[in-house]
Each structure stands twice: as structure tokens, then as C-alpha cells.
Amino acid sequence: MRDRLAASDPGLIRLTAGLRTVVAIALTLAVLALLRVPVPQLVAGAMAAMVATFAIQEKQRSPQAVTLALGLPVALASVALGALLNHRVVAGDVFFVVLIFCAVYGRRFGDRGTALGLIGFQIYFLSLFVQATTSGLPALYGVIAVAFGCSAAARFVLLPETPAGTLDRLRGAFRARLGQLIASQIELLDAGPDDVEQVLEELRTGTARLHETALMIQGRLEDGTADAATARLLQRRIADAEIAAERLGLLLLTARSAERTDTLTLHLPGAPLPFGGELPVRDEATAVLRRDLEAMRLLVLRPVGEPSGTASAQVRNRLLGYREEEHLPKASPAVQDVFRGLGEAARAVLGLRIALDEPQDESDDTPATARSREELDAEDAAIESSEEDEPEEPEPTGLRRPTTRAAVQVAVGSSLAIVGGELLSSQRWYWAVLTCWIVFLNTASTGEILVKGYRRLLGTVLGVVAGIGLAGLVGNHTWTAFALVLVFIFAMFYTAPLSYTLMSFFVTAMLGLLYTLLNTYSASVLLLRVEETALGAACGVIAAAVVLPIHTDRRTNDLLVAVLDRLSDVTRGAMEQLSGEAYADLVDGARDLDQALADLRAATQPLTHPITPLRSRRDTARYVMALLETCAYHARSLAATAELLPTHPSIAADPRLRGAGRRIVHNIEAIAAHVADPRSTQRIETGPSIASMLEPGTLRTPRYGRVTDRVLRHLQRLDEAVPGLARPLGLVPEPKKV
């Protein structure tokens, strides 16, 4: 159960965020109840505690404390201005727009600027919600001070969180998700022809979730580790384990197929196995393979630090032995490849455990295990001695800066929302402004804003239905209503990263209860909220489309060029190193490629959303993303193999690889140039296969050692996938010369 929870919520980040917010609100309500404050002030205290808790996003405790301390005077000033301007319509509206502009513009100053802007906006909204007056300001000051104090107690005393603790839980989530992925691979080995498509979809999902966790770990390494060398070591070991697990899945897919499986099968939703996925022969080797896959899963799930025992050591030795040709069982070449992949996965798991400072008992090591340890030790020494030197990219200025553009857009959208909202209701016009503000959070294109506005409207409509029913059930039971509010707040934060629609549902249902507590509830009020939400979303979309617009096509093209640039850098660096040139740190380049791909995936959501009317465009976007993920996998694998060269004397560089990879890099750069400028004259090149360029008629090149065997298939897949990427992007291959 612990592993399932860790896998469903990596790092327990969602659970911690929800619990901390609920504890802060509950503590605030308890203190205010002892002070016997009226219900409106209880509502204000609950909202202030919620804002003070979720607004702060720094990872280190000291910056969190500073931001929280600075947030209190910002909140007091905001509620004071809200009370003073509450009945001055024009002045209040102008100030609200200026406040919104400053709050969004403050994002350029990092997490602290974002938090202070969010506190200022939300507390001003609070003053409108509870209809604050100047005579009631002293009491509101006290309520807000109590809320911030309780938020500090929840954050630093009751539910403390450190970057190292979060990183440790993320590592546990990676282990749990890796175990789940291996379980899916076992199911793939056993699945009948009728079940293989469902299992294949589970395999795709498991691979994507493992990659997601790896990216989350990479984002926490700098703050959660003692030094840069430790961060680089753990980053390398996580990348090795992820690549080894993905490769093992592909080898299993090939063993299930009548021909070599295209890598796209693992990345494109709905892509079937060749010939429907035939069952492998049920022989002794297949039975051993299933047993060893299950053993690998159990080794992965064994908690770090738990004594391994002789049995575990023997299993580990057996799995690592598959890295040696003489230990492979008699089987078909495809099944033998799976055993090789199993040995590489066992090595990656061993390296990950060593990196986590697990005590190692080497008394039962076989020669194969001892060699694996020596390789890992040599890699560790090379990683610790390497230095990072990342050039800083120039930051955009003026209206090209994303925060400035967003601030102007949301200010214009909020002005429209204020005018339209007051036409709908002079009392609750601020709901339209709130929606307009929210749809701009964490969005960067018109399409993203449109999708987010649609999801918020859908969640609001469903929440209104729930709020009407709950308000009737709760009636005048104040503390029952507050208990349900806490439940909804926890659900809101727990589901926010998963579904914006669900989050909006819980927010609206909670507001129905708050209106009940304030004795302002009616079905017409909640219906008005739907109207104001629709208006605010429409104003946000209009502002994004008219004022300094960034269209979805433009943003996705920019991000696509960034992905292709990272892909060419990683491929070129790996090929140079594999051909014998100077050693370079390729792990950071692979990480940048993964992050650029994640940004592009998020930006293409408007194109791949189920409601999009452009079906062919949606299919094209999915196909391009799958091809890019395939290319990224092979580039990561090339980089991981290239980094083995300096520390593995048994693997020699192959000078011929420099020429073999030149065409791949050229084609990637040609596609990037075409996406950036359709008038580009560059064309992709086609020609003989990579294998024939190296040594005609054979895939194996023992003369130059095993490195060529390791990378040849990755090079071939890249060489096939890159031209496939050019076709949907409108780039015509260069004609072959006769």
C-alpha cells in the first residue's frame, strides 16, 4: 500500500500540500473559535490561511519564512485598500486592475515575487468576498495575523518539509513506479493475443509515469543533495535505470513480434504490435525469463537499507551474469536480447542503490558482479571529477518578456471582466475577474487559455449542482459546513495537478458552503457564479487573442525548435565521444532535452484535446510527439553509452561512427531550420542504412569492440525516425543523387 501511494503521488507532494493547507485552516478556525469571533471572520480567517499556505512555493525553509513574513504586511495593506475602496467604484476598479498587473508582473522575480503577488490579489479578493469595511479593519487585521501564524505553525512545526526529505520520497516513488513497470512487462510476456493491446497501453503508461518521476527528481536534485557531485551522480543513476527499463520493455516487445518492433510502438497511443503480437515459444528459456523478471521486480521493490541476505545476493549475481555472453541461456536471438537487457537493468538498479548509500555486502559477489561494481566505481569517480559549465541564455526584454506580456494581457482581460461582471451583478462581479486571473496562471498561449477556461467552466457547472445539494443538507450547522469545507480544500489541492476540472468542481462546491455560512446562499447566487465564470473565461480568451497574442502554432513551433536543437546537441555530443573525441558531460544535455520535450508536450495539449474540432491536426500532433519521444529515447541511450567509454576499458571507441552520425545530425538541424523558417533551403538527406555505412552485410563489428553493437540499433532507429518526423512537418527529402 505504501508503494502504491508513493507511485500514485510521487514524493507525496500532493498529499503534503493538501494536508498542510487543511491543518493551517483547521488550526486557524480553532484559535478564532476560542476567541469567539463571528462567522464572517471565521470565513475570512480560513481563506487567509489557505492563501498564506499555498502561495509559498520555495523549497528551502529559510526563504519560505522570509516570504511568509513579507506576505503579512502585503496582506494587511491589501485588505485595508479593499475596505477603503469597497464603495468607491471607479477608484476601486482602477486599483484592482493595477494590483492584478503588478501581481502578474511580479512573477519575473521568481517564487517570492509570485507568492507576494498572489497574496496581494487573493487578500484583496477576500475583502470583496466578506464585504470588508473600515470599521471592521482592526478585527480583520487580527484574523489575518492569526491565519499567517497558524500557516507558519503548520509549515514549520506540525508538517515540516525539507528538500532532502522530498527528494528521498521521490526516490521511493521512482522505485515503486519502476516495480510497476516491470510488473507490466511480465504481463506483456504472459498476455494472450486478445489482451496484448491492453497490456501494451499499460506499458506505455508505466513508461511515461517513470519518466515523469525522473524529471521530478531532476528538478529537486540541486536543493535536495549535499553538493553538486552527489546531484550529478544521482541524476546519472536515475537516468541509467530509466533507460534500462525502457530498453527492457522494447526488447520484450520485439520478442513478442514476428519482426523487430518499431520503437514508435511504445510511444504512440494505439500503435499495435506487428502481426498482432504473437506469443513467444513456451520453452524453458521463456520460463526462466519470467522467473528472473519477477526476481528483478522484487529486488527493485526491496526498501533501501534493508539487509539483502544470501538469497538476494544470489539473485542479483544471476541477473548481472546475463551481461556476459557465456551466461546467456539457449534461446532465440530475440529472447537472448531480453536477457541481456535484464542484465543491464540489474546493473542500473545496483548502481542506483550504491548511489543511495546503501550498505553493500560484497562477500557473495561473483566475478560478473565484481566487474559491475568496478565499472560503477569508475563511473562515480569520473562523475565526481567533472565540472558543470552551463552558459546562461539571454533573457527577453520589454514586451517580449513573458511576465510583461502576461501582465498586460491579464490587465486588459480583467478590465473587460470588471465591466461585464458589474453588468451581471454589482455585488459579485469579482468572480469574473478571478476567473480571468486564474486562466492566465501557468499558461502561455491562446489555445492553453481556451482549454483552461473550458475546464474551469465545466468544473464550475458541476460544482454548482453539488453546492446546491450540499447547502440544503448542511442548513445552519456551522461546524459541519466547515468540516466539509476542509474536505473539499484537501480534495482541491490533491486533485489540482491531475485535473483542473476536478479542482474547479471542489472550489465551487466549497464556495456554496461558504455562502451558506455567510447567510448569502441561494441557487441564483451559484447560477450567477456560472455566468460570471463564463464571462471571465471569455474575457481572458479575448485578451489573449487580441493583446500581444502568442498563438498556439507559434508557441509550439518555438518549443519544437528548442527540442530539435537539444536533440541535435545530445546526438552530436554522443557521436563525437563514441568516435573517440574528448570526454564531455552528456547527462545535463539529455536532461535539457527531456525538459524541452515536457514543455512541448504541455503546449500541445490544446491541439490534442478531445474537444478540438481539427481531428487530422490532433492526430498529426500526437504522431509528431510520439516520434520526438522515440528520438529522445535513442539519444538518451546514445549519451548513456558514450559516457561509459572513459571508465570501461572493455568498450572501445569506433572512429567510423563520426561519419555515420553526421547525416542524422544534419537532418535534425534541417528540420529545425524548416520549422523556424519555412523558406529555409535545407533538405534532409537519405541514403544507405547506418549498418551498411559501417560494414556492409553485417550488424556486428567485433573488430572495434562492443560499443558499435550497443549503439548501432539506436543509430538506425534515429536515422529512420528523423525523416519520418520531416514528413508531417512539410519537409521534402532531398532526391537521391544518381
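Since this is a predicted model, take the numbers as computed values, not measurements.
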*Between W437 and Y430, does the ring centre distance come in under 6.0 Å?*
no
*Looking at side-chain heavy atoms only, is the closest gap between I13 and M216 below 4.5 Å?*
yes
_If we ignore hydrogens and angles and just use 3.5 Å, is the side chain of D9 paired with the main-chain N or O of L15 as donor and acceptor?_
yes
*asked:* Check whether S151 reaches the backbone of A147 with its side chain - one donor and one acceptor, N or O, closer than 3.5 Å.
replied: no
*Please examine the side chains of L434 and Q122, heavy atoms only from C-beta on, and report whether any two atoms are closer than 4.5 Å.*
yes
_Within this structure, what is the CG-CD1 distance for the pair L128 and I123, rounded to the nearest 0.5 Å?_
11.5 Å
*Derivation and outcome, side-chain contact (heavy atoms from CB on, under 4.5 Å), residues V541 and V439*: CA-CA 9 Å; V541 172; V439 296; over 6 Å; no
*I144 to A75 - nearest heavy-atom pair and separation*: CG2-CB, 4.1 Å
*Would a 4.5 Å heavy-atom cut-off, applied to side chains only, mark L560 and L628 as touching?*
yes
_side chain to side chain donor-acceptor pair (under 3.5 Å) between T67 and R112, intermediate numbers included_ = CA-CA 6 Å; T67 303; R112 180 164 296 161; 2.9 Å; yes
*So do V89 and E422 actually touch side chain to side chain, heavy atoms under 4.5 Å?*
yes
_Under 3.5 Å, is there a donor on one side chain and an acceptor on the other for T114 and R107?_
no
*Classify the angle between the aromatic ring planes of Y633 and H267 as parallel (below 30°), tilted (30 to 60°) or perpendicular (above 60°).*
tilted
*Plane angle bin for Y494 and F490 - parallel if under 30°, tilted between 30 and 60°, otherwise perpendicular*: parallel
*asked:* Determine whether I489 and F506 satisfy the following criterion, side-chain contact (heavy atoms from CB on, under 4.5 Å), listing intermediate values before the conclusion.
replied: CA-CA 7 Å; I489 288 175; F506 288 119; over 6 Å; no
*asked:* If I take atom CG from residue N557 and atom NE2 from residue H674, how far apart are they, to the nearest 0.5 angstrom?
replied: 9.0 Å
*Would the number of heavy atoms belonging to other residues, nucleotides or ligands and lying under 6.0 Å from CD of Q131 be above 12?*
no
_Between R209 and Q180, is there a side-chain heavy-atom distance shorter than 4.5 Å?_
yes
*Only one of R566, Q218, R636 forms a side chain to side chain donor-acceptor pair (under 3.5 Å) with D594, so which one is it?*
R636
*asked:* Could you measure the distance from the SG atom of C436 to the CD atom of Q409? Nearest 0.5 Å is fine.
replied: 10.0 Å
*State, yes or no, whether a side-chain contact exists between R155 and R20 at a heavy-atom distance under 4.5 Å.*
yes
*asked:* Nearest 0.5 angstrom please: W431 CH2 to T435 OG1, how far?
replied: 8.5 Å
*Using modelled atom types only, decide if a donor and an acceptor are shared between the side chain of T495 and the backbone of L498 within a distance under 3.5 Å.*
no
*Roughly how far, to the nearest 0.5 Å, is the CG atom of L116 from the SG atom of C102?*
12.5 Å
*Does L528 offer a backbone N or O that forms a donor-acceptor pair with the side chain of R428 under 3.5 Å?*
no
*Would you say the side chain of F493 lies within less than 4.5 Å of the side chain of R14, judging by non-hydrogen atoms?*
no
*asked:* Can you see whether T16 engages E161 through a side-chain donor-acceptor pair at a distance of less than 3.5 angstrom?
replied: no
*Walk me through it: do F96 and L81 pass the test side-chain contact (heavy atoms from CB on, under 4.5 Å)?*
CA-CA 10 Å; F96 203 9; L81 288 168; over 6 Å; no
*Please step through salt bridge (Lys or Arg N to Asp or Glu O under 4.0 Å) for the pair R204 and E201, ending with a clear verdict.*
CA-CA 5 Å; R204 291 191 188 104; E201 187 60 35; 2.9 Å; yes
_Would the distance check show the side chain of S78 and the main-chain N or O of G120 forming a donor-acceptor pair, the cut-off being under 3.5 Å?_
yes
*Taking the side chain from Q57 and the backbone from D111, do they hold a donor-acceptor pair closer than 3.5 Å?*
no
*Between the side chains of R455 and S504, does any donor sit under 3.5 Å from an acceptor?*
no
*asked:* Testing the basics here: between V130 and P40, what is the closest heavy-atom pair and its distance to 0.1 Å?
replied: CG1-O, 4.2 Å
*Can you name the nearest heavy-atom pair linking L126 to A48, along with the distance?*
CD1-N, 3.7 Å
*Would you mind telling me which of F101, Y124, F121 makes a ring pair (Phe, Tyr, Trp, His ring centres under 6.0 Å) with F95?*
Y124
*Should L725 and V624 be marked as a side-chain contact (heavy atoms from CB on, under 4.5 Å) after you check the CA-CA gap, both sets of side-chain angles, and the distance that decides it?*
CA-CA 6 Å; L725 187 63; V624 169; 3.7 Å; yes
_Smallest separation among heavy atoms of I668 and L564, with atom names_ = CG2-O, 3.3 Å
*asked:* On a heavy-atom basis, which atom in P728 and which in G724 lie closest, and how many Å separate them?
replied: CD-O, 2.9 Å
_Between CG on residue L597 and CG on residue L567, distance to nearest 0.5 Å_ = 9.5 Å
*Trace of the side chain to side chain donor-acceptor pair (under 3.5 Å) decision for R529 with T508*: CA-CA 9 Å; R529 171 162 166 73; T508 304; 3.3 Å; yes
_Shortest non-hydrogen separation from E242 to F174 and the atoms involved_ = N-CZ, 4.1 Å
*Answer whether the closest heavy-atom distance between the side chains of T501 and F505 falls below 4.5 Å.*
no
_Is it the case that the side chain of K59 and the backbone of T166 share a donor-acceptor pair, with hydrogens and angles ignored and the cut-off at 3.5 Å?_
no
